[in-house]
Protein chains: 4
Amino acid sequence: MSEADERPRRRQARGERRISQLLQAAASVFCKLGYTASSTNAIAREAGVSPGTLYQFFPNKEAIAVELGGQLVKQMEEAHGRVFTAENARLPLDQLIDAIADPFVEFNCANPAFLALIKGPDAPGRVTEEHDTLHATLLDGVSGLLALRQPSLSTVERTLIAEMSFAMFKAALDLIVQSEGEERTAYAGEMKGMLYRYLAPYVGTGPVTVDGTAAPVGAAGATSRALPTGS
Amino acid sequence: MSEADERPRRRQARGERRISQLLQAAASVFCKLGYTASSTNAIAREAGVSPGTLYQFFPNKEAIAVELGGQLVKQMEEAHGRVFTAENARLPLDQLIDAIADPFVEFNCANPAFLALIKGPDAPGRVTEEHDTLHATLLDGVSGLLALRQPSLSTVERTLIAEMSFAMFKAALDLIVQSEGEERTAYAGEMKGMLYRYLAPYVGTGPVTVDGTAAPVGAAGATSRALPTGS
Amino acid sequence: MSEADERPRRRQARGERRISQLLQAAASVFCKLGYTASSTNAIAREAGVSPGTLYQFFPNKEAIAVELGGQLVKQMEEAHGRVFTAENARLPLDQLIDAIADPFVEFNCANPAFLALIKGPDAPGRVTEEHDTLHATLLDGVSGLLALRQPSLSTVERTLIAEMSFAMFKAALDLIVQSEGEERTAYAGEMKGMLYRYLAPYVGTGPVTVDGTAAPVGAAGATSRALPTGS
Amino acid sequence: MSEADERPRRRQARGERRISQLLQAAASVFCKLGYTASSTNAIAREAGVSPGTLYQFFPNKEAIAVELGGQLVKQMEEAHGRVFTAENARLPLDQLIDAIADPFVEFNCANPAFLALIKGPDAPGRVTEEHDTLHATLLDGVSGLLALRQPSLSTVERTLIAEMSFAMFKAALDLIVQSEGEERTAYAGEMKGMLYRYLAPYVGTGPVTVDGTAAPVGAAGATSRALPTGS
DNA sequence: GATGAATGAGGATTCATTCAT
DNA sequence: TATGAATGAATCCTCATTCAT
């Protein structure tokens with residue numbers, strides 16, 4: 001019984017060690033060279049194994065990225081819990097932003113490969129499955145938050161705002177990850193301020209009240225450029 | 001004198017035709033494949049010349065990107081004039097943003113290769129000379145504007161805000177260029193709104209008065225997250 | 001004794017199951033891809049075992065082919081009995097041809113891998129041991145038949161005729177195996193007619209008489225095997 | 001004028017030399033290893049050039065085979081003229097067979113790669129474009145001859161006979177090419193005898209008369225082609 | 001200038017085979 | 001015995017770059 005249980009596991013043990021070895025190597029290489037310029041051979045070399053070994057676990061580069069993305073998402077969840085939750089959605093805007101951004105910032109600084117995957121390859125049309133999935137997942141998270149917080153937004157509006165917010169977030173994250181120390185803190189602060197001021201006119205700044213509407217906002221100057229909030 | 005003058009000119013005439021041929025081809029290929037995945041052979045093929053010819057004008061791939069960047073900057077200036085001017089700096093913030101963003105949006109939609117170059121390769125550390133130059137140029141533009149508009153900002157603050165603004169701008173531009181029709185217009189609107197609300201606390205919304213200070217702003221809610229404006 | 005006897009037997013039992021599993025897989029893969037393009041990994045995969053297991057029973061790809069050839073020969077004998085017999089040799093030519101061709105056709109249609117092995121790899125000089133063995137076996141069969149039927153043929157003549165007959169047979173078998181239904185029947189008929197007319201002048205058409213000479217020629221039966229000439 | 005003529009040619013000169021060098025190398029490698037087992041690297045090595053050079057002239061292995069096939073067909077035509085002609089079709093059968101077989105035998109002995117291409121890869125379903133084309137061309141030749149010689153044959157009959165004849169022809173050619181000296185001559189004789197006797201009932205042995213019908217059968221000439229039967 | 005041939009290292013991927021478990 | 005991990009050379013093919021013409 002235990003034998004039937006363990007035997008397969010033991011075999012997988014080496015394999016799984018190799019897999020994480022390879023994923024770690026991939027993370028490192030993706031960070032150093034970017035996705036496009038990373039080669040499977042380079043990853044294998046970094047992992048200290050032969051190219052053939054890599055291909056025993058992954059059918060191609062894309063699959064490595066997919067798996068790495070999945071692992072990182074899982075790791076982030078394990079470390080910081082789910083961030084796109086209904087509870088978070090109902091927080092005052094500044095706290096909501098903290099609740100999303102802080103874990104992301106922390107995790108991406110510790111695992112810069114995550115950002116590399118989120119950003120994807122530098123070619124417009126050449127999006128990869130993995131990047132797509134990741135992008136969709138995160139975008140859905142943002143969009144869901146918006147829906148919970150401000151149900152009056154139309155789908156189009158919501159998508160627009162979510163895409164913008166996510167794009168801004170990624171771009172700022174890039175600056176954050178690439179800097180260090182005080183500079184990094186400063187960038188993180190800027191990112192939050194930016195998101196706060198961008199989103200305030202759409203979703204209000206206060207906590208969401210019982211009836212599901214966000215508290216009224218005082219950002220009068222923005223309205224002329226903002227989408228109608230539907231209120 | 002006339003000999004030394006004219007022969008080179010003729011040669012340069014042919015040469016420059018070749019060069020723009022090649023640059024146009026490069027623009028097209030960079031857009032299709034991204035910088036990293038673009039090959040010199042592909043560019044030469046697209047330009048209808050032999051690889052050898054390409055290397056008669058450019059010592060390597062990087063140089064093509066550098067030159068292309070330069071040309072595009074020049075073209076944009078020819079089409080839209082200088083945008084980072086003192087006059088613009090003194091406009092009311094919304095007009096200032098229009099004055100910068102509109103030409104960029106228009107030009108990048110017409111020349112999507114520009115954005116590809118601005119974004120650079122997908123590798124964090126692997127920044128290329130060309131991308132660096134372009135980045136520095138544009139960042140200086142933004143930074144200069146900030147300096148003119150709000151001289152009280154410290155260098156550090158100015159750099160921070162400029163980097164953030166530029167990063168946001170690039171990210172939004174990406175969304176804009178990749179969309180079409182109404183969607184594109186909507187993204188452009190969002191970008192402007194976003195920049196407006198982000199910058200207002202730092203540089204004020206009104207026109208700059210004679211004494212070089214921006215008009216006072218009323219964006220109270222933002223201050224807690226914003227850098228001190230130096231006022 | 002019982003230990004030394006039975007354990008190996010049990011082991012062999014499992015082993016032989018594995019072996020036929022592998023051989024069946026090999027047959028399938030050889031058919032799909034041809035001998036040259038077939039890989040041991042592919043065979044193992046098809047058999048549902050690991051590559052290591054395959055190499056526990058066969059030292060290399062060649063050995064698989066050899067064994068498969070042997071098994072198929074044995075299977076064909078089990079299904080159709082020996083065909084290269086003295087009795088057959090003495091039959092009237094058309095019946096002799098039937099006696100040889102029918103089992104081969106039937107068996108090869110059911111086990112197309114057999115033909116793949118008979119044909120061998122597509123390289124002229126690269127004949128494999130397995131193909132050689134099979135080739136020699138079958139050629140000996142034909143040659144033996146000729147010797148029995150027409151002892152007056154010199155060795156050289158006999159070899160020549162045997163090689164030719166066998167080559168024709170293989171080529172026709174290929175057409176037969178690759179076709180279906182009526183077409184297959186038609187090809188089989190053509191093959192027999194072809195062999196009949198080719199061999200008749202050498203070995204006579206009638207049954208072999210007691211004194212070992214074939215009956216004089218007078219290829220009456222041939223027409224019945226030919227397509228109507230339309231005249 | 002001559003300059004404008006020669007310049008492009010001179011450039012191509014090196015290239016065309018390379019191309020025939022490569023084709024020759026390919027012929028040699030295909031013969032040694034068979035089509036399937038031949039690698040582009042091996043061909044390049046044999047030609048004494050780098051792999052990259054090969055790919056400047058041929059996009060892949062298949063293309064090499066196609067080109068080589070084309071060249072060989074052309075060369076055979078140049079050396080022996082067209083063989084599938086109406087005049088040949090009307091000859092007495094033995095002369096017709098001579099007219100077809102002799103050039104083929106001679107050419108294939110001199111250029112054994114031709115046969116390698118005609119035979120194609122050893123995989124049943126994996127037929128290559130080049131082999132297909134070659135096969136179709138030659139089969140059409142045979143079929144055309146049959147149509148001219150015996151118009152009363154139905155399409156189905158004609159195809160059947162053509163396929164059979166061609167298959168037999170290929171198989172015999174293989175024996176011929178692989179043997180030498182007297183043996184080769186003997187095989188060639190056998191092949192002709194075999195074809196003669198196979199085809200006689202379908203297309204008659206005599207010359208085709210004015211009204212388009214073949215002379216009545218009465219295969220007198222056949223015996224002269226057969227080995228002495230030892231009777 | 002322009003060409004296109006040439007290179008050889010490097011890209012992804014597969015293969016026959018061996019080894020540790 | 002059976003597994004699956006491991007290997008490294010070999011597969012096809014591309015790339016940035018150079019060179020002879």
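Every value quoted in this text rests on a predicted model; they were computed, and no experiment measured them. Basis for what follows: all heavy atoms, side chains included, without hydrogens, waters or symmetry-related copies. The chains referred to below are lettered A, B, ... by the order of the sequence lines, with proteins before strands, and numbering in each begins at 1.
The distance from atom CD of E16(A) to atom P of dG4(F) is 13 Å, rounded to the nearest whole Å. Going from atom NZ of K61(D) over to atom P of dT14(E) covers 16 Å, rounded to whole Å. Residue L33(C) contributes atom CG, which lies 18 Å from atom P of dT11(F) at whole-angstrom precision. Rounded to whole Å, the distance from CG on L22(A) to P on dT7(F) is 10 Å. Look at CD on E62(A): it is 14 Å from C1' on dA12(E), rounded to the nearest Å. At whole-Å resolution of the value, CD1 in I19(D) and P in dG4(E) are 13 Å apart. Atom CD1 in I64(C) sits about 14 Å away from atom P in dC15(E), given to the nearest Å.
Taking all atoms of both residues into account, the shortest heavy-atom contact from A47(D) to L22(D) is CB-CD2, 3.7 Å.
Contact annotation for S39(B): backbone-only contact, meaning every heavy-atom pair under 4.0 Å involves sugar-phosphate atoms and none involves a base. Across all strands, F58(A) comes closer than 4.0 Å to no nucleic acid atom at all (heavy-atom distances). R45(C) comes within 4.0 angstrom of no nucleic acid atom, judged by non-hydrogen atoms across all strands. P51(D) comes within 4.0 angstrom of a nucleotide base, judged by non-hydrogen atoms across all strands.
The residue among G48(A) and F57(C) whose nearest nucleotide of DNA chain F is located toward the 5' end is F57(C). Looking at which nucleotide of DNA chain E each of G52(B) and N41(D) is closest to, the 5′-most match is held by G52(B). Residue order along DNA chain E, read from the 5' end via each residue's closest nucleotide, puts L54(B) first among L54(B) and N60(A).
Out of dT7(F), dC15(E), dT13(E), the shortest distance to the side chain of Q56(A) is found at dT7(F). Considering only the side chain of R18(C), dA2(F) comes nearest among dA6(F), dC12(F), dA2(F). Of the listed nucleotides (dT3(F), dT18(F), dC12(F)), dT18(F) has the atom at the smallest distance from the side chain of Y55(B).
Between R18(A) and V49(A) the shortest side-chain heavy-atom distance falls below 4.5 Å. In this structure the side chain of L54(C) reaches within 4.5 angstrom of the side chain of I64(C), judged on heavy atoms. Residues T40(B) and Y55(B) have side chains in contact (heavy-atom distance under 4.5 Å, counting atoms from C-beta outward).
Here the CG atom belonging to N41(B) is positioned 10.0 Å from the OG atom belonging to S50(B), to the nearest 0.5 angstrom. The structure places CD of Q24(D) at 11.0 Å from CD of Q71(D), a figure rounded to the nearest 0.5 Å. Here the CG atom belonging to L117(D) is positioned 11.0 Å from the OG1 atom belonging to T133(D), to the nearest 0.5 angstrom.
Here S50(A) does not reach the OP1 or OP2 of dG8(F): none of its side-chain N or O atoms lies under 4.0 Å away. Close to dC15(E), at under 4.0 Å from its OP1 or OP2, lies no side-chain N or O of T40(C).
Contacts of E62(D) classified as side chain to side chain contact (heavy atoms under 4.5 Å, CB included), with partners at least two apart in sequence or in another chain: Y35(D), N60(D), V66(D), T128(D), E129(D), E130(D).
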Output field dot_bracket for DNA chain F (Watson-Crick or G-U, both distances under 3.5 Å, | for other-strand pairs) contains .||||||||||||||||||||

